[in-house]
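A short write-up of the structure that comes next.
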Amino acid sequence: QSVTVTSEAAHERFSPVTNLSALAQTKSKLGIGRDYILFVGRTEDPRKNIHTLLDAYIRLRRANRITEQLIIAGRHGPGTRSLQDKILASEMQNDILLPGVVDDDDLPALMSGAQVFVYAPSFEGFGLPVLEALSCGAPVITANVTSLPEVAGQAAVYVAPGSVDEMEAALYLVLSQPELRRQMHRIALQQAAKFSWERTAAATLAALEQVAANRLC
């Protein structure tokens, strides 16, 4: 037996949004008041390590090293309560937003406008949120495990999942260096261009044709 791996791809809606009015409208709709760090995913899932991001953010804010807001977007569940409790206990509840599920049409602008997109789970099957963010040109911080390095390539800053120290250092690195963010924007689009549904379809068809040919032999 042999295994052929084919990748997913981002929906065509995910591309850089540069229209300032569209970016401002999305921020206003979600109550975002200034530059922001973004996470998008299931907020109740402990494998997403959102507490790691939250702890690193609180450290940086308390040390006055950053001023950005933190946006944690995604479906809520029973596990979200512990995040809400930690936010309320942090004296930063006005700067940490949990808007819930964001409309699909708003996601490209939300990702395009982020100073950095953070998604560093302990396990990930493919990493579609990372690819979607890269497709929008967002600087990305992600985990150095499972499929994520294959998806993000050289376009991301990598951290060990669950390491608050590494997350804190990565956030400060990206947020404190505008030139690095510009470089990451450029490399993100180059990396995202390697994935498309056309390539996935072609690879799937080639695998099926090979299987058929082997059965005829």
Acceptor/donor pairs from residues 126-133 side chains to any protein atom, 3.5 angstrom cut, sequence neighbours excluded:
none

Main chain of Arg75, side chain of Thr43: is a donor-acceptor contact present, judged purely on distance under 3.5 Å?
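It does hold such a pair.
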For residues Phe123 and Val40: do they belong to one hydrophobic cluster (side chain heavy atoms under 4.5 Å, members Ile, Leu, Val, Met, Phe, Trp, Tyr)?
no
What's the separation between atom CG in Leu30 and atom CG in Leu97, rounded to the nearest 0.5 Å?
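These two atoms lie 8.5 Å from each other.
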Does Arg13, at its CZ atom, have more than 12 non-hydrogen atoms belonging to other residues, nucleotides or ligands within less than 6.0 Å?
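Counting other residues, nucleotides and ligands, CZ of Arg13 exceeds 12 neighbours.
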Above 12 or not: heavy atoms from other molecules or residues under 6.0 Å from CD of Gln25?
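No, CD of Gln25 has 12 or fewer neighbouring heavy atoms, counting only those of other groups under 6.0 Å.
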Side-chain contact test, heavy atoms from C-beta onward, threshold under 4.5 Å: evaluate it for Leu148 versus Pro121 and give yes or no.
yes
Between Ile66 and Leu171, is there a side-chain heavy-atom distance shorter than 4.5 Å?
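Heavy-atom side-chain distance check fails, nothing below 4.5 Å.
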Residues two or more places apart in sequence or in another chain: which of them pass side-chain contact (heavy atoms from CB on, under 4.5 Å) with Ser122?
Asn49, Pro161
Do Arg65's NZ or CZ and the ring of Tyr172 fall within the cation-pi criteria of under 6.0 Å and 45°?
yes
Please lay out, stage by stage, how Gln69 and Arg34 fare under the test side-chain hydrogen bond (donor to acceptor under 3.5 Å, both in side chains).
CA-CA 7 Å; Gln69 290 184 281; Arg34 57 181 187 273; 4.9 Å; no
Members sharing Val17's hydrophobic cluster (side chains within less than 4.5 Å)
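Leu20, Leu23, listed by chain and number.
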Taking side chain to side chain donor-acceptor pair (under 3.5 Å) as the definition, give me every residue that meets it alongside Asn19, ordered by chain and number, with sequence neighbours left out.
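Here no residue qualifies.
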Show which side-chain atoms of residues 98-108 pair as donor or acceptor with protein atoms under 3.5 Å away, not counting sequence neighbours.
| residue | atom | partner | partner atom | Å |
| --- | --- | --- | --- | --- |
| Asp103 | OD2 | Lys29 | NZ | 3.1 |
| Asp106 | OD2 | Lys29 | NZ | 2.6 |

Does anything in residues 29-57 pair up under ring pair (Phe, Tyr, Trp, His ring centres under 6.0 Å), and if so which pairs, sequence neighbours excluded?
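Qualifying pairs: Phe39-Tyr119.
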